[in-house]
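Letters go in sequence order (proteins before strands), and every chain restarts at 1. Because only heavy atoms are used, hydrogens play no part in the values below, and waters and symmetry mates are left out as well, while side chains stay in. Everything numeric in this text was worked out from a predicted model, so none of it was measured.
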2 protein chains.
Amino acid sequence: MKQLEERILQDGHVLGENILKVDSFLTHQVDFQLMKEIGQTFAEYFQSAGITKVVTIEASGIAPAIYTAEALNVPMIFAKKAKNITMLDGILTAEVYSFTKQVTSTVSIASKFLNNRDRVLIVDDFLANGQAAKGLVDIIQQAGAEVEGIGIVIEKSFQDGRTLLEKAGQKVVSLARIEHFENGKVVFKEADL
Amino acid sequence: MKQLEERILQDGHVLGENILKVDSFLTHQVDFQLMKEIGQTFAEYFQSAGITKVVTIEASGIAPAIYTAEALNVPMIFAKKAKNITMLDGILTAEVYSFTKQVTSTVSIASKFLNNRDRVLIVDDFLANGQAAKGLVDIIQQAGAEVEGIGIVIEKSFQDGRTLLEKAGQKVVSLARIEHFENGKVVFKEADL
């Protein structure tokens, strides 16, 4: 997605070895116009996949996910993140390890919101090691629902999240794919859309 | 907001003494259509207030806030919640005590996103004790910006958040106001919009 790549080059900040900060339009301050176009781009691609729900994870995934849900005319569900959840009735959970923060958290969705007729599109802001997306896939499959695809705003292609998800049979569609960072600059590889 | 009240009566669940669960359209699964109408309602009311930013707090505030931002054609910022933040350069923070969870958390916004020419509309999903909104007001004022109003989706009018904020000179505008719960049913008082 050309417009997204241009915005990353213009407003993104490369920090250290492998961190890209996009807090001026995606992860802290949010540009609704860009989110709207991201949502429309995902929706157009998955138009004929019969999507019934869009699922994301709090918090930065919510804005791109709600506009994707709007463009597909379906509800959006955001999974909750918590340090430790004691098992509760009616809650589907997965453990997600964060390599960045080096902590395991429990991701959960109330089981009443997913059923075995659902065809789900996962949307998330970043794909790096793929642990969050893998947790969401796990939860959705526990509900007997089908994951139709995983829409990613920014993929760090030099980390192994995409490979992990594809090996598990998932379709990953990324709007911007970062091949590597070079002298504090982002170098893209060809995006999916 | 009639449509919101009807939705609360239809899909909300009263749990125990003073908990209203609206996880099927606001706090977990999200109805984009309702969020859009909420955003338009706030935007219409604050149309001539010269709003330059909409500020909310992760995670349930994000969906109503982004549609409010869209309708006002301004950026949205969501404040971050964390257990403990060591003071970092360029971060404005406030301590927020949650009566429900009985924990204090630190709410933060990067200072680069607010300045003394900003006129801010705060949007949040719930107002109960007003601690979260008070923290946001504090942060926005630290930046030298003006809080033009606080738009609340669901106010628990039997708790003292509104009084607290009004005493601090803030304008509170709530789309649904819960007077009390009666035999597991919601009883509304007249909403602001």
Side-chain angles (χ1 to χ4, degrees), chain A residues 11 13 21-39 43 52-83 90-92 101 103 105 108-114 118 120 125, chain B residues 11 13 21-39 43 52-83 90-92 101 103 105 108-114 118 120 125:
Chain A
D11 292 331
H13 295 283
K21 218 171 164 183
V22 287
D23 61 352
S24 66
F25 60 92
L26 178 58
T27 60
H28 188 14
Q29 179 170 260
V30 184
D31 176 344
F32 72 84
Q33 190 60 53
L34 183 62
M35 296 305 116
K36 221 177 153 76
E37 274 152 38
I38 284 170
T52 60
K53 304 267 166 68
V54 171
V55 167
T56 188
I57 186 165
E58 59 182 6
S60 308
I62 294 175
I66 192 81
Y67 281 111
T68 307
E70 178 180 348
L72 287 166
N73 195 26
V74 298
M76 182 273 278
I77 299 163
F78 62 95
K80 312 268 185 162
K81 242 184 285 186
K83 271 285 159 53
I91 303 281
L92 304 169
K101 298 180 187 163
V103 292
S105 52
S108 68
I109 294 181
S111 54
K112 63 181 170 181
F113 297 129
L114 289 171
D118 275 322
V120 178
D125 57 333
Chain B
D11 292 331
H13 295 282
K21 218 171 164 184
V22 287
D23 61 352
S24 66
F25 60 91
L26 179 57
T27 60
H28 188 14
Q29 181 171 260
V30 184
D31 177 343
F32 72 85
Q33 190 61 51
L34 182 63
M35 296 304 115
K36 221 176 152 79
E37 274 151 36
I38 285 170
T52 60
K53 304 267 165 68
V54 171
V55 166
T56 189
I57 186 166
E58 59 182 7
S60 307
I62 295 175
I66 191 83
Y67 282 111
T68 307
E70 178 181 347
L72 288 166
N73 195 25
V74 299
M76 182 273 277
I77 299 164
F78 61 96
K80 312 268 185 161
K81 242 183 285 185
K83 272 284 158 54
I91 305 281
L92 303 169
K101 298 181 187 162
V103 292
S105 52
S108 68
I109 293 181
S111 53
K112 63 181 170 183
F113 296 129
L114 290 170
D118 275 320
V120 177
D125 56 335

Would you compute the distance between atom OG1 of B:T27 and atom NZ of A:K80 and round it to the nearest 0.5 angstrom?
5.0 Å
Nearest 0.5 Å please: distance from the CE atom of B:M35 over to the CE atom of A:M76.
9.0 Å
Could you look at A:V55 and say if it's the side chain, the backbone, both or neither that has a heavy atom under 4.5 Å from chain B?
neither
For A:L26, which atoms come within 4.5 Å of any heavy atom of chain B: side chain, backbone, both, or neither?
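Looking at A:L26, just its backbone touches chain B.
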What do the steps show when you test B:F78 against A:I62 for side-chain contact (heavy atoms from CB on, under 4.5 Å), and what is the final call?
CA-CA 11 Å; B:F78 61 96; A:I62 294 175; over 6 Å; no
If you count the non-hydrogen atoms of other residues, nucleotides and ligands that lie under 6.0 Å from NZ in A:K112, is the total more than 12?
yes
Contact leader toward chain A among B:Q33, B:K36, B:E70, where contacts are heavy-atom pairs under 4.5 Å:
B:E70
Test side-chain contact (heavy atoms from CB on, under 4.5 Å) applied to A:V74 and B:F32, step by step:
CA-CA 8 Å; A:V74 298; B:F32 72 85; over 6 Å; no
Take A:H28 and B:I109, measure what side-chain contact (heavy atoms from CB on, under 4.5 Å) needs, and give me the verdict at the end.
CA-CA 8 Å; A:H28 188 14; B:I109 293 181; 4.0 Å; yes
